[in-house]
Number of protein chains: 2
Amino acid sequence: MTQISTVDSILDAAETLFAEKGFAETSLRNITSEAGVNLAAVNYHFGSKEKLIQAVFARFLDPFSEHLNTQLLERFTDDEVQPDIKELLELFAYTVYAMRMERLKTKDQTFVRLIGLAFNQGEGHMLKFIREKYGDVFKRYMGLYRRACPNVPDEELFWRIHFALGAAMFSLSGFEILARIAPQETLSEPPSIITVYKYIIPFLVAGMSADSQT
Amino acid sequence: MTQISTVDSILDAAETLFAEKGFAETSLRNITSEAGVNLAAVNYHFGSKEKLIQAVFARFLDPFSEHLNTQLLERFTDDEVQPDIKELLELFAYTVYAMRMERLKTKDQTFVRLIGLAFNQGEGHMLKFIREKYGDVFKRYMGLYRRACPNVPDEELFWRIHFALGAAMFSLSGFEILARIAPQETLSEPPSIITVYKYIIPFLVAGMSADSQT
DNA sequence: TACTGTTTTAAACGCTTATTTGAAACAGCA
DNA sequence: TGCTGTTTCAAATAAGCGTTTAAAACAGTA
């Protein structure tokens, strides 16, 4: 067990607690006592609670968007070829999953829950922060769907992508609660979050490929 | 303009503010000053903030579940006929829309945002309250999907329904923000929340009807 | 009018919050 | 060792929170 810095233990604790309870419900005293550091450390190292929240997001969104971006440039270079919807969805899912694997102590649904929080209780400035920092990668990703679904008009495609985003975020971030009430196919196999990945891909592929509502 | 009671103005203000900012971020002082009533009125009429939250939910979920239930019993009585997925989705969408129409002052996405809050920051006891009060109607509704998708196993169908729920909740509750950045098909027609209803139905029908992941 | 129960009011309660402060502890270097 | 900049610490600050209280205002009835 290597010694980790004050900054990192604050980020670790904040990430976990934010994902579990939300921003407002998590106090700095919660975070610092969980991290085993002094209360004043947050304001010393980050300046304010607000900036701590942004730092938590930056820590996992930076590698996430970088990973996604390099994969996009690597695997979808040819402008002539029509990208495969399933491949696009799987790439995104795998990137989320890879981020999770990089830090073993983090729970499966932590990242998705944080993203959901940004949308639901960020009061705008959180989404603004995310859009400004990571908007370009997202736009490039959306552009590939544009090419993958040439028969779907721009407006409808925009909403379809957000339908997909919502489906994924809701089911993944609420996985722990939902898995408890979900029926199980086989008793031998305990329900893991992989199940959701397995089921959601064909669901979204079908939705994205549906005939347009002209 | 008819005079409304203290209780109702508290519920109105609480509903709006909760949907906008969440439970924890909305103080009783916010609510009572917005409602134009005394601070103590909340604890006098509702007992506590917690019970006020439940009252806000009950006020719109009671008529919602009743409307949905009567429609289900009315239109899907015959156990032999296989229900149509599109009809099931449209019934749900219409019920949400009808609840919105009943109270004109309420914003389009208020109800969906509240439901989303219950899932995201209810800390369990909110979902418990909803499940206990409205679980039966939801189960009956889910049972119809069971019959409508005979080739999809229970577990996969369960997740598909929650994918659909997530897609709807995310896009509807975030409509105001998303509509601002969405491309518009025709400039003549201003983007309304009806657009989302129009687009999401075929998306979800296709997803729910997709081949199972056996 | 006098008495009733209900509702509203202003003020206070005790507690938690984010943030600030100044001193103490620590590091690296002369 | 003595100095310097960085980091940690306990304590205090001011503000906001949900909730309670006791008195005032109100409505209905006898």
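Convention: sequence-line order gives letters A, B, ...; per-chain numbering from 1.
None of B:Lys105, B:Lys107, B:Arg103 except one satisfies the side-chain hydrogen bond (donor to acceptor under 3.5 Å, both in side chains) rule with B:Glu15; the exception is B:Arg103.
Listed in residue order, the members of residues 39-46 of chain B having a heavy atom less than 4.0 Å from DNA chain C are B:Ala40, B:Tyr44, B:His45.
In this structure, B:Leu52 atom CG and D:dC17 atom C1' are separated by 15 Å, rounded to whole Å. Between B:Ile31 atom CD1 and D:dT19 atom P the separation is 11 Å, expressed in whole Å. The CD1 atom of B:Ile10 sits 13 Å away from the P atom of D:dT19 (whole-angstrom rounding). Here the P atom of nucleotide C:dC15 and the NZ atom of B:Lys49 are 19 Å apart, to the nearest Å. Rounded to an integer number of Å, the gap from B:Leu17 CG to D:dC17 C1' is 16 Å. Spacing between atom NZ of A:Lys51 and atom C1' of C:dT19 amounts to 12 Å, rounded to whole angstrom units.
Between A:Val37 and B:Asn38, it is A:Val37 whose nearest contact on DNA chain D lies nearer the 5' terminus. In this structure, B:Asn30 and A:Arg29 both approach DNA chain D, and ranking their closest nucleotides by distance from the 5' end singles out A:Arg29.
Salt-bridge check for B:Glu176 with B:Arg180: failed, with every basic side-chain N at 4.0 Å or more from each acidic carboxylate O. Using a 4.0 Å cut-off between charged nitrogen and carboxylate oxygen, A:Asp136 and A:Arg131 do not count as a salt-bridge pair.
Considering only side-chain N and O atoms, A:Ser27 lies nowhere under 4.0 angstrom from the phosphate OP1 or OP2 of C:dT16. When the side-chain nitrogen and oxygen atoms of B:Thr6 are compared with OP1 and OP2 of C:dT8, one or more of them lie within a distance under 4.0 Å.
Distance OH/A:Tyr94 to CE/A:Met101: 9.5 Å, rounded to 0.5 Å.
Across all strands shown, A:Thr26 has heavy atoms under 4.0 Å from sugar-phosphate atoms exclusively, and none from any base.
In the model, B:Arg75 has a side-chain atom that pairs as donor or acceptor with a side-chain atom of B:Gln71 under 3.5 Å. Residues A:Tyr97 and A:Asp108 have side chains that never bring a donor and an acceptor to within less than 3.5 angstrom of each other. Judged by distance alone, the side chains of A:Tyr134 and A:Asp62 do bring a donor and an acceptor atom under 3.5 Å apart.
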